[in-house]
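For reference, the structure discussed in these notes is given below.
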Amino acid sequence: MEKESTKKLKKEVGQRIRKLREAMGLSVYEMGHMLNINPKSIKGWETGDVRMKLDSLIKLVEFFNVTVDFLLGIKD
């Protein structure tokens, strides 16, 4: 069973991903196409239902031009 703190972190990260994506005016499908990532995975990250792999995290921070600390909610 997943810890509450892990669930909370996944949800917070997902909210940041969604806000960044929406700020760029992209749909889940457009972003998925641009990053060669399944849109279902992106939607799962945004809802906190899917665990992200490290290579995907790296793609996202490069794509959004943010730090890992920002995406993980460690720093604003």
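Nothing here was measured: the structure is a model prediction, and the numbers come from that model.
No side-chain heavy atom of N38 sits under 4.5 Å from any side-chain heavy atom of I42. In this structure, F70 and L20 have side chains that are in contact, with non-hydrogen atoms separated by less than 4.5 Å.
Between W45 and V50, the shortest heavy-atom distance links the atoms CD1-O, 3.4 Å. Scanning all heavy atoms of the two residues, the minimum distance from F64 to I17 falls at CZ-O, 4.0 Å.
Note that NE2 of H33 and CG of L35 are 10.5 Å apart. Values are rounded to the nearest 0.5 Å. The distance from the NZ atom of K53 to the CG atom of L57 is 13.5 Å, given to the nearest 0.5 Å. Here NZ of K7 is found 10.5 Å from CG of D49. Values are rounded to the nearest 0.5 Å. Atoms OG and CZ, from S56 and R51 in turn, are 13.5 Å apart once rounded to the nearest 0.5 Å.
Following chains of ILVMFWY side-chain contacts shorter than 4.5 Å, one cannot reach Y29 starting from L60, and the two form parts of different hydrophobic clusters.
For the pair E30 (side chain) and S27 (backbone), a donor-acceptor distance under 3.5 Å is present. In this structure, the side chain of T47 engages the main chain of K43 through a donor-acceptor pair within 3.5 Å.
The 12-atom threshold is exceeded at CG of D55, counting heavy atoms of other residues, nucleotides or ligands nearer than 6.0 Å. By the neighbour-count criterion of 12 heavy atoms within 6.0 Å, atom NZ of K59 is densely surrounded, having more than that number from other residues, nucleotides or ligands.
Residue V68 is tested with L72, V66, L71 for a side-chain contact (heavy atoms from CB on, under 4.5 Å); the sole match is L72.
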Yes or no on side-chain contact (heavy atoms from CB on, under 4.5 Å) for F63 and L26, after CA distance, side-chain angles and deciding distance?
CA-CA 12 Å; F63 180 73; L26 298 173; 3.6 Å; yes
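Comment: R21 engages E46 in a salt bridge, judged by a side-chain N to carboxylate O separation of less than 4.0 angstrom.
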